[in-house]
Each structure stands twice: as structure tokens, then as C-alpha cells.
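Only one structure is covered here, and it is reproduced in the block below.
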Amino acid sequence: MGLKKLIFVLCAFICYAGASEIAPLIVNGTDATIEEFPFLASLRFNNSHTCGSTIINEIWILTAAHCVVGRIGKTDLFSVHVESKYLYPSNPNVVFAETIYPHQGYNASNQYINDIALIKLKEPLKIQLFDWKVKLAMRGAYYKTGTPAVLAGWGYNESGGVAQTTLQKVNLQIYTASDCDEIHNSKVHASNICGGVEGGYQGQCSGDSGGPLLVRGVQVGIVSWSVKPCTVPPYPGVYASVAHFTDWIEETVGFNMGLNVFLSA
């Protein structure tokens, strides 16, 4: 093993030994179009991209709890930018948040358990793109390790890198919570699902948090956390499993006068 590679590997293990860090941009992805992911939205805080998110209906947005917790008192500074693959500082396709609902059991100090949140918008979205409401995994849906998946977002291209101004996508594979837990040394919850590639160096990074992991067009995960440097092997990225939270999604939307949430197998 060369000296540079040895130093990199040692650094990765040292970073991981202390604590897992949120790593929100897509590493080694390719350009994507918004027509491929019409349900994808840039979650903004104070008019700057902060996380990924998905549109579940005209007034509800799905994202990660860690993207909003700590800023609940500043709800008026949150907005979503939709219907574009580009991150523009100003754009007419922006709608502001009205109320934010992080999961009541979210706990960052417990490996970001229950890392899911819903955002109710001030006004309904009006989108011209076809099939722009995301399909969510059914309650109890199971995806075995090795299942092909896709991640899309505007995250960094590497740790310490830069956010992408053009939407990116990357092909990954699913890891079950139990298989991922073995790799991560007992740091993954049963309510998680993981995504990565066996050789590493492809997947999520800073800015991708809250965005979707998809299997055949169905959202199965929400970007939660990963080991830094981003995509360092052998650690796949960790996601909140949508199938684990379908009851919470339906209850939160229903209790707050939302429209129907359509789940898909």
C-alpha cells in the first residue's frame, strides 16, 4: 500500500472512531435532468440550498429531521425550489414553508435515529412536470442487500468540495439495516437502510441530506448520515427507511389537513 493511500485510510478510521458525521453531496455521480426526478426539490434556508427533499403532494415535502431541527423558530426562512435541475439563487419556482414537523423521536446523539421530517408549504405547488409526486415505499417493504438503487441530489463532490449547481445522480446498491450494521460496527438502527457500492467512492456527501434513495422509481430512503471522508470504503451511506415511517407520514399529513399520500409497492 502506497504512503498516500495508507494516510487516507488511517484518516478515515480516525474520523469514524470519534463520531459519525453528517455528510450531506453526490460523489462521482453524473448529470441528471429534473424530468428524471420531477419530485426532487432543493430545500433552502435563507435562500441557499441546505438539503435535498421530495414532493409527496401539493403541500407536503419530505426531508431529514437534521435538516430542520435547530431552526424550527426560523420556519419563515425555509423554502423549496422545484421544477429545475439547476440551483439558482433566485427563481420563480420557490414556495415558502408554513410549518415544520420533525419526527418526535429524532435524536442526533443516538446516531440520528428517526431522521425524518415533513414540511407543510404556505401554498400548493403548481408544477407542469409529469408524475411529479414521489412514490413512497409501502409499509414493511423489504429490499435485500444488492438491490440496485439510485441517489439524486445537489451534494458535494467530495468532503471539503463544492456543492453541485446541476442535479447529479449515482447508481448504488441497497444494504439491509443488519448488513449495514455489521459494516458500521453496531451504529445502524433497524429503522435505517443503507446505500453504496462495494468499492466505495460513490454516494452521498454534504448537501444530499434529506434527499431520496430510489428503487425502480420508489423512494425507499432519506439521506441521513455517512462516514467522512465522504464515500470512504467500506462504509455505505445511511438513510432513514421510508417503509419504517409510513404510519408516521400518513398520521402527520392526515392530522394536519394534508392531501392524500399515495404509497407504492
Side-chain angles (χ1 to χ4, degrees), residues 22-25 34 37-109 112-129 132-134 136 152-156 162-165 167 204 206-212 219 222-225 240 242 245 248-261:
I22 294 173
L25 183 154
I34 196 62
F37 308 99
F39 44 77
L40 194 61
S42 165
L43 179 61
R44 295 180 168 195
F45 182 76
N46 201 20
N47 207 36
S48 294
H49 174 79
T50 187
C51 281
S53 64
T54 49
I55 303 164
I56 61 173
N57 63 31
E58 288 86 345
I59 58 172
W60 286 96
I61 301 295
L62 182 65
T63 190
H66 77 258
C67 292
V68 297
V69 169
R71 295 171 169 175
I72 300 299
K74 300 178 180 179
T75 301
D76 58 328
L77 294 180
F78 278 102
S79 62
V80 292
H81 175 203
V82 300
E83 215 171 3
S84 177
K85 70 175 182 179
Y86 300 110
L87 292 183
Y88 293 130
S90 59
N91 191 287
N93 297 327
V94 173
V95 177
F96 282 85
E98 178 182 278
T99 316
I100 296 174
Y101 300 90
H103 193 284
Q104 302 90 326
Y106 169 69
N107 187 345
S109 62
Y112 302 98
I113 192 171
N114 301 316
D115 195 4
I116 181 172
L118 283 162
I119 298 174
K120 187 177 181 182
L121 301 176
K122 283 187 174 180
E123 58 185 271
L125 293 169
K126 298 176 182 178
I127 299 180
Q128 303 301 314
L129 294 167
W132 53 270
K133 298 175 186 178
V134 71
L136 300 177
W154 291 272
Y156 290 8
V162 294
Q164 305 303 290
T165 55
L167 181 62
Q204 71 205 54
S206 301
D208 288 317
S209 290
Q219 184 172 359
I222 302 165
V223 178
S224 181
W225 62 271
V242 172
F245 293 103
W248 180 82
I249 293 171
E250 290 180 323
E251 290 169 2
T252 303
V253 170
F255 289 160
N256 293 284
M257 301 175 63
L259 305 178
N260 289 333
V261 178

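Keep in mind that what you see is a predicted model, and the values were worked out from it rather than measured. Values below: every heavy atom of this structure, side chains too, minus hydrogens, waters and symmetry copies. Here, residue 1 is the first one in the sequence, and each next residue gets the next number.
Remark: D76 CG to K122 NZ distance equals 6.5 Å, nearest 0.5 Å. Taking CD1 of I59 as the start and CG of L125 as the end, the distance is 9.5 Å to the nearest 0.5 Å. The OG atom of S84 sits 9.5 Å away from atom CG of L129, with the distance rounded to the nearest 0.5 Å. Taking CD from Q104 and CG from N114, the interatomic distance works out to 9.0 Å, rounded to the nearest 0.5 Å. For the atom pair CG (N93) and OG (S42), the distance works out to 12.0 Å, reported to the nearest 0.5 Å. With rounding to the nearest 0.5 Å, the separation of CD1 in I55 from CD1 in I127 is 3.5 Å.
Nearest heavy-atom pair across A41 and V80 is CB-CB, 4.2 Å. Contact detail for H66 and S209: the closest heavy-atom pair is NE2-OG, 2.9 Å. Scanning all heavy atoms of the two residues, the minimum distance from V68 to P102 falls at CG2-CB, 4.4 Å. The two residues G211 and Q219 come nearest to each other via the heavy atoms O-NE2, 4.3 Å. When every heavy atom of F39 is checked against every heavy atom of V134, the shortest pair comes out as CB-N, 3.5 Å. When all heavy atoms of Q204 and V223 are compared, the closest pair comes out as NE2-CG1, 3.4 Å.
The side-chain heavy atoms of I119 and S53, taken from C-beta on, include no pair separated by under 4.5 Å. Residues F37 and K85 form no side-chain contact, since every pair of their non-hydrogen atoms from C-beta on lies 4.5 Å or further apart. Side chains of I61 and V95 form no contact here, defined as non-hydrogen atoms less than 4.5 Å apart. You'll find the side chain of L62 reaches within 4.5 Å of the side chain of I222, heavy atoms only. In this structure, D115 and Y106 have side chains that are in contact, with non-hydrogen atoms separated by less than 4.5 Å. Counting heavy atoms from C-beta on, the side chains of W154 and L167 come closer than 4.5 Å. A 4.5 Å side-chain heavy-atom check between L43 and C67 finds at least one atom pair inside the cut-off. Side-chain contact between V94 and R44: present, with at least one pair of heavy atoms (C-beta onward) separated by less than 4.5 Å.
Using modelled atom types, one side-chain atom of T63 and one backbone atom of G52 make a donor-acceptor pair closer than 3.5 Å.
A donor-acceptor contact closer than 3.5 angstrom is absent between the side chains of E83 and W132. Defined by atom type and a distance below 3.5 Å, a donor-acceptor pair is present between the side-chain atoms of S109 and N107.
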Kindly determine whether W60 and I249 satisfy side chain to side chain contact (heavy atoms under 4.5 Å, CB included), including the steps that lead there.
CA-CA 10 Å; W60 286 96; I249 293 171; over 6 Å; no

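The number of heavy-atom neighbours closer than 6.0 Å to CD of Q128, taken from other residues, nucleotides and ligands shown, is 12 or below.
Between W248 and Y101, the gap from one ring centroid to the other reaches at least 6.0 Å.
Ionic pairing of E58 and K126 is not present here: no N-O contact between side-chain nitrogen and carboxylate oxygen is shorter than 4.0 angstrom.
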